[in-house]
Structure formats: C-alpha cells, structure tokens
**Q** 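Below: one structure in structure tokens.
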Number of protein chains: 2
Amino acid sequence: MVAFNTTSKTYHVKGVIPIIAIDLRNPKPIYEQIKDSIKELIITGALKQDEQLPSIREMAQDTSINPNTIQKAYKDLEAEGFIYTVTGRGNFVAPPPQQVDSKRIEKLYSILRETVGELTYLGDSENNIINVVKSAISHSVPQGGSKQ
Amino acid sequence: MVAFNTTSKTYHVKGVIPIIAIDLRNPKPIYEQIKDSIKELIITGALKQDEQLPSIREMAQDTSINPNTIQKAYKDLEAEGFIYTVTGRGNFVAPPPQQVDSKRIEKLYSILRETVGELTYLGDSENNIINVVKSAISHSVPQGGSKQ
DNA sequence: ATAAGTGTACTATATATGTTAGTACACTTA
DNA sequence: TAAGTGTACTAACATATATAGTACACTTAT
C-alpha cells in the first residue's frame, strides 16, 4: 500500500489510486502537499462525492507522517469546502460547490494572470498556453458532472 | 513618494509607477511581495531593459522595510534572471531571456493546470477562463518586444 | 455495556523561515 | 575624498512547520 524512500512517499487509496505524493525535499509544507494531492483527485473526479478518505490515523501510520499534520490538511480542506468531516465516522468528499465563490475565483484569476504573464515573458506562445489550459479544463469535473 | 498606513504601503518609481504594494497582513512574505511586484512591472513592460531600480537603501528608507529584506528580494530576482546587479552601481532590469528555460516553463504549466482545474471545479466557464488568459498574454511583453 | 475505530483538542518541543538591527567592507562615481 | 552603491556577516526575535504524547467525545458493531 505504501512505497517510499528517505525523501518521498506515495500513498494509495483503495490500493489503486495514488492519493499522495510527498517529497520531503520539497520546501512546500507537507500538509500543503497533502492538500494539493487530495484537491487534485477531487477536481479530476478520481475521488467521487461522499467517498470516504483514509482516516487520519491510518494515513499517518502508512506514511509515517505525524497525525497532527494530516489533521491540519483535512481541517483546511474542510474549511475550503472540498471535504466534510463527521466526528466518529471520518472524512468524505464534499459535493461540488453550488454557490459561486467570487472571492476565490478572483484570487485564481490573479494567479492565472501572473502565470500566463511569466510564460509569455519567457517566450512561450499563445497556442501552447491555450492548449495547456483547454487540456486542463477537459480533465476537470465541473458541477459534479462526470468526465471523459 | 510613499503612502502607507499600518498594514500596507505603496512605493513608486520615478514618482509615477507604483512599484510595490506591500500588505503586512498578507501571509505572503514581504520579500515575495516585493519580488512579485517587480516581476510584474518587468513582464508588463512598465520597467524597460537596463532601467535602474531603486537602491536597496533608498527603498528601505522609503518603505520602512529592513534593507536585508529588500536585498533578499533583489538577490532572488537576480538569480531568476529578471534583474542584474552591479556592485557599487545598483540593480537594473535584465534583458528578456534568450534561452528557453524548459524547467521553469514546466513548473508554470503545472501551476496553470492546478489553477484552471480548480476554476473549472468551481463552475467557471471555459470562455471566461480563456478570456482571462488571452488578456494576460496581450498585456505581457514577449521577447523584449514593445506592447500595445 | 464494551471495544475498536473515528475526529478533536490540547501541551510541549525542536527546527526552519522570515524580519529586523547593526556593523563592516568593497566597489563606483563625481 | 566623499557619497552612494552592493555584499557579508552576527545576533535576536517572532512565526510557521512538524513531531510527540495525552486525553476525550462520538459512532459503529458486537
């Protein structure tokens, strides 16, 4: 279920989906790496609504990451609406957002502009950029719909 | 030349261009905010090649930010190729990159995919996203060319 | 009721990062 | 020589990150 060396670990859900890729050399905090991994699995539809996530203790055991660190990741994800938590039962994938979160969207637009601006400055072409964007859109799951 | 309250400052270059918007409430480190501001001015063409940036001491004075923090921002920007430094003279806007930095581009693609993925998940439309992207491209300065 | 498995809430400790403060030195320009 | 550059340190402090350990509340199944 788990494979790792000194610096990186890959953790699987249901024995199949690689849910987490942790790189201890990566300056990004571990709890952020966990958040990013789970967000991506939800966004791409690899984890479906109401599906149960590994428990804090289980994931901590299997990855040798401290339970407090896992808990922080889950707490953040719940605050951001990606998962919901039921005490005594566990953590589950939240339904896709029904309300438009304009604040978050503006924040993401800001990141988008920065990223695209630098890509253009580095000499990347509009075609290349648009292709990456369209591919990312087609691999995401909007409004709880299915994909591909 | 400077306007600020307790939590945010705006610093100007040549008395006109707002070069830096620092928000002390922002969890993003100050030196990162400085880097982002200067990168954006270079990418959008507001600062031109070989143009001199404010000296470390001057900017530190005017913003009440510690010189060490400014220095860190400049050092990073030089390492990333956005500016060049001449001891005894100052910091200047570097020429646009001639070599393709595939590693950086892949990193930016990764950020792009994450951002676009979440936007799609939040229910934003392909049209909206593409429009933001195209607008960002048109406001950037590729290959040292002029703009608009 | 009990046991096992959940999440939650603490305290404490160690380490890394960010920021400020101060000093000294080398280089450039006038 | 003086003034203005960048550079390189040390020191101190605050905050963030991660681990360790403990205790408690809730849920499910027995």
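By convention in this document, chain letters (A, B, ...) are assigned in the order of the sequence lines, proteins followed by strands, and residues within each chain are numbered from 1.
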**Q** In whole angstroms, how far is the P atom of C:dT20 from the CD atom of B:Gln61?
**A**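 My rounded result for the distance is 14 Å.
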**Q** With a 3.5 Å cut-off and just heavy-atom distances, do the side chain of A:Arg57 and the base of C:dG7 make a donor-acceptor pair?
**A** yes
**Q** Suppose we define a pair by two distances each less than 3.5 Å, Watson-Crick or G-U wobble; what does D:dA14 pair with here?
**A** C:dT17
**Q** Compare side-chain N and O positions of A:Tyr74 against OP1 and OP2 of C:dG7 and report whether any pair is under 4.0 Å apart.
**A** no
**Q** Using atom CD of A:Glu58 as one end and atom P of C:dA4 as the other, report the distance to the nearest whole Å.
**A**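 It works out to 18 Å between those atoms.
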**Q** Could you work out which one of D:dA18, C:dG18, C:dG7 sits closest to the side chain of A:Pro29?
**A** D:dA18
**Q** Rounded to whole Å, please give me the gap between CZ in B:Phe92 and P in D:dT5.
**A**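 In whole Å, D:dT5 P lies 10 Å from B:Phe92 CZ.
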**Q** 5'-most contact on DNA chain D: B:Thr85 or A:Lys28, nearest heavy atom basis?
**A**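 Comparing both residues, the 5'-ward one is B:Thr85.
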**Q** Please report, rounded to the nearest Å, how far the P atom of D:dT27 is from the CG atom of A:Asn91.
**A** 15 Å
**Q** So, does B:Thr69 get its side chain near the phosphate of C:dT20, meaning an N or O under 4.0 Å from OP1 or OP2?
**A** yes
**Q** Below the 4.0 Å mark, does C:dT6 have OP1 or OP2 next to a side-chain nitrogen or oxygen of A:Ser55?
**A**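 For C:dT6, OP1/OP2 do have a side-chain N/O of A:Ser55 under 4.0 Å.
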**Q** Please check: side-chain N/O of A:Glu58 versus main-chain N/O of A:Ile56, any donor-acceptor pairing under 3.5 Å?
**A** no
**Q** Examine C:dT8: is either OP1 or OP2 under 4.0 Å from a nitrogen or oxygen in the side chain of A:Lys75? Give yes or no.
**A**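 Negative; the distance criterion is not met.
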**Q** How many whole angstroms separate atom CD of B:Gln71 from atom P of D:dT7?
**A**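 That distance rounds to 6 Å.
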**Q** Just the rounded figure in Å: distance from C1' of D:dA16 to CD of B:Glu32.
**A** 15 Å
**Q** Would you mind telling me which residue lines up with the more 5' stretch of DNA chain D, B:Ile56 or A:Pro67, judged by nearest nucleotide?
**A** B:Ile56
**Q** Report whether B:Tyr74 and B:Tyr84 are members of the same hydrophobic cluster (ILVMFWY, side-chain heavy atoms less than 4.5 Å apart, transitive linking).
**A**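 Shared cluster, no.
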**Q** Could you tell me whether a side-chain N or O of A:Glu32 sits under 3.5 Å from a main-chain N or O of A:Pro29, the two making a donor and an acceptor?
**A**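 Here the side-chain-to-backbone pair does not exist.
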**Q** Take atom CD of A:Gln52 and atom P of C:dG7, then tell me their distance rounded to the nearest Å.
**A** 8 Å
**Q** Using a cut-off of strictly less than 4.0 Å, decide whether B:Arg89 has a side-chain nitrogen or oxygen near OP1 or OP2 of D:dG6.
**A**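 It does not, given that no N or O in the side chain of B:Arg89 lies less than 4.0 Å from OP1 or OP2 of D:dG6.
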**Q** Can you tell me the pairing partner of C:dC27 across any strand shown, Watson-Crick or G-U wobble, with both distances under 3.5 angstrom?
**A**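 C:dC27 is paired, partner D:dG4.
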**Q** Quick check on side-chain hydrogen bond (donor to acceptor under 3.5 Å, both in side chains): which of B:Lys39, B:Gln71, B:Lys35 does B:Asp76 satisfy it with?
**A** B:Lys35
**Q** Nearest whole Å is fine: how far is C:dT19 P from B:Ile22 CD1?
**A** 10 Å
**Q** From A:Gln33 CD over to A:Leu24 CG, what is the distance, rounded to the nearest 0.5 angstrom?
**A** 7.5 Å
